[in-house]
S.K.: 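Structure provided below as structure tokens; questions to follow.
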Amino acid sequence: MANVPFELKGKSVFVAGHRGMVGGALVRRLEQEDVRLLTIERKELDLRDQSAVFAWFSKARPQVIFLAAAKVGGIVANNTLRAEFIYDNIAIAANIVHAAHLNATEKLMFLGSSCIYPRLAAQPMREDSVLTGPLEPTNEPYAIAKIAGLKMVEAYRSQYGSDFISVMPTNLYGPGDNYHPEHSHVMAGLIRRFHEAKLSGAARVAVWGTGAPKREFLYVDDMADACVRLIKTYSSSELVNIGTGEEVTIGELARQIADTVGYRGEIVFDTSRPDGSPRKLLDTSRIAELGWQARTPLKEGLKLAYAAYLSEQAA
Ligand SMILES: NC(=O)C1=CN([C@@H]2O[C@H](COP(=O)(O)OP(=O)(O)OC[C@H]3O[C@@H](n4cnc5c(N)ncnc54)[C@H](OP(=O)(O)O)[C@@H]3O)[C@@H](O)[C@H]2O)C=CC1
Ligand SMILES: C[C@H]1O[C@H](OP(=O)(O)OP(=O)(O)OC[C@H]2O[C@@H](n3cnc4c(=O)[nH]c(N)nc43)[C@H](O)[C@@H]2O)[C@@H](O)[C@@H](O)C1=O
């Protein structure tokens, strides 16, 4: 296991995607570190624009990079915006990883996703199961882009000796999530739908799919803590899964969200919507060996996420 200390203190740290849910959590977590934080607004720098990215990097020359910027969304967004998911995510990964190489970035962390693993991978899914079977069709474009990113990281380590690493997070939730009614992930989608149903007095709420699939949910501030710990201690071409090691059915999750929100009506299942992968539980033994484990139980995380939703809606 590659436990290699990296001194973060005093370094310039670029959080790509700082306005996003994970980016925001990384900015919060990095406030506890003595670093010079670098961010750039999307309207000032579109990370798909290679020449603009190379020009910005040649001036900014970040010493450390968290590559959290991506085109991200839930199962329906992935399944309908297939070209955007593959183009944007390949472009962003290619531009930033190569710009980091051109500018001698000391450390880069690429954020992949649990969707890179085969649809029917043995559970819990080990890091070495990548590319051992067919992907989940609903998010294959996104998964291919993420696999391209992690393979770039591996290739730059091999050819140039770059200290670039890749982490594979499970489903994430918490402050700064995306609540788009169609394009959000399940957690944000249901928090919003149950909240609106409570306010409107709706008799029932539709949950997508059969409710049978299982998912693992990691609170985003725990994710950010894992990322900072790994950037300081981990250096290897091996992927690292970041999760909780616990899974819940979508039906059970819906009931827990309804309870958290205070919705008392009926829950029905809209099977015209896709289920996606039956299970996506990550094997987290590698990160456990590195001394990290998630701290926020789902019940507590749901309360925090709902409170964040309410305050973000009020803002
Ligand atoms: N959310 C989840 O459940 C999971 C997320 N991940 C990964 O974590 C990372 C962060 O995800 P998350 O925080 O949820 O996603 P968000 O959508 O919340 O954040 C993504 C950020 O990237 C920015 N971005 C997207 N495209 C561009 C672009 N072309 N140029 C500049 N900035 C861009 C977005 O800016 P803007 O808002 O202006 O569009 C946004 O700030 C991603 O790599 C994702 O794949 C992995 C597993 C699970
Ligand atoms: C992080 C991960 O996230 C995505 O994969 P996913 O986990 O399948 O995504 P999801 O959160 O959208 O769905 C999880 C389950 O939940 C069910 N579900 C019920 N009701 C709603 C609902 O209202 N919205 C959504 N989105 N799903 C719902 C839905 O039918 C499915 O069975 C990809 O981005 C993938 O690439 C990826 O990386």
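Remember, it's 1-based here, ligands and their atoms both numbered in the order they're listed.
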S.K.: Taking only heavy atoms of T170 into account, list the atoms of ligand 1 that are under 4.0 Å away from them.
M.R.: 47 (C), 48 (C)
S.K.: I'd like the contact residues of ligand 2, where contact means a heavy atom below 4.0 Å.
M.R.: G73, G74, I75, N78, S113, C115, N139, Y142, N171, S184, H185, V186, L190, R193, V207, W208, P213, R215, I250, P274, D275, K280
S.K.: Pairs of donor and acceptor atoms involving the side chains of residues 51-61, under 3.5 Å and at least two apart or interchain, shall be tabulated with distances.
M.R.:
unit_1 : atom_1 : unit_2 : atom_2 : d
S51    : OG     : D49    : OD1    : 3.1
S58    : OG     : A55    : O      : 2.7
R61    : NH1    : N103   : OD1    : 3.2

S.K.: Determine, for E300 against K303, whether the closest basic-nitrogen to carboxylate-oxygen distance falls under 4.0 angstrom.
M.R.: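 Answer for the salt bridge query: no.
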S.K.: With backbone taken as N, CA, C and O and side chain as the heavy atoms from C-beta onward, which portion of H185 lies under 4.0 Å from ligand 1: side chain, backbone, both, or neither?
M.R.: side chain
S.K.: Can you figure out which of A70, G20, G23 has its heavy atom closest to atom 22 (O) of ligand 1?
M.R.: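 Ranked by closest heavy atom to atom 22 (O) of ligand 1, first place is A70.
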S.K.: D46 versus ligand 1: do any nitrogen or oxygen atoms come within less than 3.5 Å of each other?
M.R.: yes
S.K.: At a 4.0 Å cut-off, with the gap strictly under it, does some heavy atom of L45 reach an atom of ligand 1?
M.R.: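 It does; at least one heavy atom falls under 4.0 Å.
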S.K.: Got an N/O contact under 3.5 Å between L172 and ligand 1?
M.R.: yes
S.K.: D88 near ligand 1, heavy-atom distance under 4.0 Å?
M.R.: no
S.K.: Just distances here: any N/O of V22 and N/O of ligand 1 closer than 3.5 Å?
M.R.: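 V22 vs ligand 1: N/O contact under 3.5 Å present.
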S.K.: Taking both backbone and side-chain atoms of Y142, is any N or O found less than 3.5 Å from an N or O belonging to ligand 1?
M.R.: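 Checking ligand 1 against Y142, an N or O pair does fall under 3.5 Å apart.
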S.K.: Is any N or O atom of L47, backbone or side chain, closer than 3.5 Å to an N or O atom of ligand 1?
M.R.: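 Yes; the residue has a nitrogen or oxygen that sits under 3.5 Å from a nitrogen or oxygen of the ligand.
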S.K.: Let me know which of R193, K198, R192 forms a salt bridge (charged side-chain N to carboxylate O under 4.0 Å, His left out) with E196.
M.R.: R192
S.K.: Looking only at non-hydrogen atoms, which of L111, V72, L67 approaches atom 11 (O) of ligand 1 most closely?
M.R.: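 When every heavy atom of L111, V72, L67 is considered, V72 comes closest to atom 11 (O) of ligand 1.
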S.K.: Below 4.0 angstrom from a heavy atom of R48, which ligand 1 atoms are there? Numbered from 1 as shown, please.
M.R.: 29 (N)
S.K.: Hey, is ligand 1 close enough to M21 that some N/O pair sits below 3.5 Å?
M.R.: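 Yes; the residue has a nitrogen or oxygen that sits under 3.5 Å from a nitrogen or oxygen of the ligand.
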S.K.: Give the numbers and elements of all ligand 1 atoms closer than 4.0 Å to a heavy atom of P169.
M.R.: 46 (C), 47 (C)
S.K.: Any idea which of A68, G174, S113, G112 brings a heavy atom closest to atom 7 (C) of ligand 1?
M.R.: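 Comparing heavy atoms across A68, G174, S113, G112, the nearest one to atom 7 (C) of ligand 1 lies in G112.
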S.K.: Does the protein come close to atom 38 (O) of ligand 1 - that is, does one of its heavy atoms sit below 4.0 Å from that atom?
M.R.: yes
S.K.: With nothing but distance in play, are any N or O atoms of S114 less than 3.5 Å from an N or O of ligand 1?
M.R.: no
S.K.: Taking both backbone and side-chain atoms of N171, is any N or O found less than 3.5 Å from an N or O belonging to ligand 1?
M.R.: no
S.K.: Would you say R126 has more than 12 foreign heavy atoms packed within less than 6.0 Å of its CZ?
M.R.: no
